[in-house]
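Here's the structure we're looking at; comments come further down.
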Protein chains: 2
Amino acid sequence: MMSESTPNGERQPRAGKSLKAQQRRQEILRIAMDTFAARGYNNASLQEIADRAGVTQAGVLHYFRSKAQLLTSVLDLRDATDIEQLGPDRPRGLAFLRHLVDTVRRNTEREGIVRLYAVLSAESVTEGHPAQDYFRDRYTGLRTFVTDALAEACELGETRPDLDLEDAANAIIAVMDGLQIQWLLAPDSVDMAASTERAINALLGGLADKPDQQRSEAL
Amino acid sequence: MMSESTPNGERQPRAGKSLKAQQRRQEILRIAMDTFAARGYNNASLQEIADRAGVTQAGVLHYFRSKAQLLTSVLDLRDATDIEQLGPDRPRGLAFLRHLVDTVRRNTEREGIVRLYAVLSAESVTEGHPAQDYFRDRYTGLRTFVTDALAEACELGETRPDLDLEDAANAIIAVMDGLQIQWLLAPDSVDMAASTERAINALLGGLADKPDQQRSEAL
DNA sequence: AAGGGCTTACTAAGTACTTAGTAAGTGTGC
DNA sequence: GCACACTTACTAAGTACTTAGTAAGCCCTT
């Protein structure tokens, strides 16, 4: 189990002493996640979250000193791709990419989380959004993970810091994100896992058989 | 030149008689676009748009009968990918895919439009968002366009309604959308055009040399 | 060519409501 | 008896949208 300390710098108001309070806090967090997922950050209100949790608006602010801090707490709570919590003995190379596809497949059963990250990541690019740093860091981390995995999978050796590799990594991350929005709007028209797998395979193929700069002159 | 009639069903308040009024209307539209792009729909206010346009809030509502209708008018105004306005003699097959990449490249110089579509498409999946229908339709159309182009590019003949083809098309659309968010958060870490081109090439290669169901067992 | 009647293009002021956040108080359990 | 976990009561600011009014212009008849 994960310890309770949030990596988040802002201090919480004194909360979490009694067991009941800790449970309440957790419950508010869960409900806030659902609400932010369904309505976005700006359109969700503390009032609505409080109502759903069965407390007053001020009750929510007893546990989280501001709406923005509630959001960052929700985001710290768990990661949509489960990558960061894999730990140091995480899978490498091909196995990592397979893990990505598995995560996408599992996400088909977790619409709430998909919604949360799809909506908030895009909303975060607006002026002064409180989750901007979170997502910037998140993408930086993901980029490194995927780039490394690609290099390992192709057994290129880590000698050359390959720009093509980064482009491919970005494309893989992008395809996962982009599919989420399409899937949320029209679940029956999109097979997230199949499309992701196909894209990763294709990109991997393109990288593998190209030590010389000849190929891929299709366009 | 495009005619002034909006495909949008809702009738506007009687507006646009005099030339000056038409210009004012256009100006409000332009400013609304910027504002929605910078702040999202929910967080943008009529007041802010009005202030920037140098009229009162009610002045804006003279031209657009509601905030929601202002948004749909903005979206009707122009399409980010320029696809719909290609007309019936649009490029086909490979040429169409090349056009997609060109559009992405051009978008690097139009951050406002990228922002508008990236933010709003994700925001639109939230409960009761006024742009939901717009984006649902938009993706449906895009899917058809790209699927057709892929089929033409591979010269598969349109005999079999290929599921793989749809998956690949969705992946291509997704990669373009997903890259936008990454690019908006960290422009220096993302080469939208290069990543898009690489992904399309890779997916195209994967489709071309696979009439039998053997290949792509990498994962 | 002047004036009546109508429309357009707004503004100022308000309605009715929601927002995040605060300050002070209350009841309960240790 | 006192700290914790809240609630009640509130504020100040903002929200979309309405209402009522006005200045200016256009068109048609006389």
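Values in this document were obtained by computation on a predicted structure and should not be read as measured data. Residue numbering restarts at 1 for every chain, and letters A, B, ... go by the order of the sequence lines.
Looking at A:S195, its side chain does come within 3.5 Å of a backbone N or O of B:D167 through a donor-acceptor pair. At distances below 3.5 Å, not a single donor-acceptor pair connects side-chain atoms of A:R39 with backbone N or O atoms of A:S45. When atom types are taken as modelled, the side chain of B:E123 and the backbone of B:N42 share a donor-acceptor pair closer than 3.5 angstrom. Of the possible polar contacts, none joining the A:E166 side chain to the B:V190 backbone as a donor-acceptor pair under 3.5 Å is found.
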Show your working on side-chain contact (heavy atoms from CB on, under 4.5 Å) between B:F36 and B:L70 and close with a plain yes or no. CA-CA 10 Å; B:F36 287 140; B:L70 175 55; 4.1 Å; yes
List the steps, then state whether side-chain contact (heavy atoms from CB on, under 4.5 Å) holds for A:R52 with A:I49. CA-CA 5 Å; A:R52 289 215 226 176; A:I49 292 166; 6.0 Å; no
A:I113 and A:M33: CA distance, side-chain angles, deciding distance, side-chain contact (heavy atoms from CB on, under 4.5 Å) verdict: CA-CA 8 Å; A:I113 292 201; A:M33 194 184 102; 3.8 Å; yes
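Summarising the geometry, the separation between NZ on A:K67 and P on D:dG14 is reported as 15 Å, rounded to the nearest angstrom. At whole-Å resolution of the value, CD in B:Q57 and C1' in C:dA9 are 17 Å apart. For the pair B:F64 CZ and C:dA9 C1', the computed distance is 14 Å after rounding to whole Å. In this structure, B:Q22 atom CD and C:dA9 atom P are separated by 9 Å, rounded to whole Å. Rounded to whole Å, the distance from CG on A:L61 to C1' on D:dT8 is 14 Å. Taking atom CZ on A:R65 and atom P on C:dA23, their separation rounds to 13 Å, with Å as the unit.
Between B:R24 and C:dC10 there is a side-chain N or O to OP1 or OP2 distance below 4.0 Å. Regarding contacts with the backbone of C:dC10, every side-chain N or O of B:H62 stays at 4.0 angstrom or more from both OP1 and OP2.
The aromatic rings of A:F145 and A:F96 sit parallel to each other, their planes meeting at less than 30°, with 60° as the upper class boundary.
Near-neighbour residues of DNA chain D inside residues 32-53 of chain A, defined by a heavy atom below 4.0 Å, are absent.
Here D:dC17 is the nucleotide among D:dC17, C:dA9, D:dA5 with the atom lying nearest to any side-chain atom of B:S66.
Of the inter-residue distances, the one linking B:L203 atom CG with A:R198 atom CZ reads 7.5 Å to the nearest 0.5 angstrom. Rounded to the nearest 0.5 Å, atoms CG (A:D51) and OG1 (A:T56) are 9.5 Å apart.
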Return the polar atom pairs (N/O with N/O) between nucleotides 19-26 of chain D and the protein under 3.5 Å, or none.
none

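No hydrogens or angles considered: nothing links the side chains of A:Y117 and A:N107 as a donor-acceptor pair under 3.5 Å.
Paired runs in DNA chain C that reach 3 or more consecutive Watson-Crick or G-U pairs, where each pair keeps both distances under 3.5 Å, cover C:1-30 with D:1-30.
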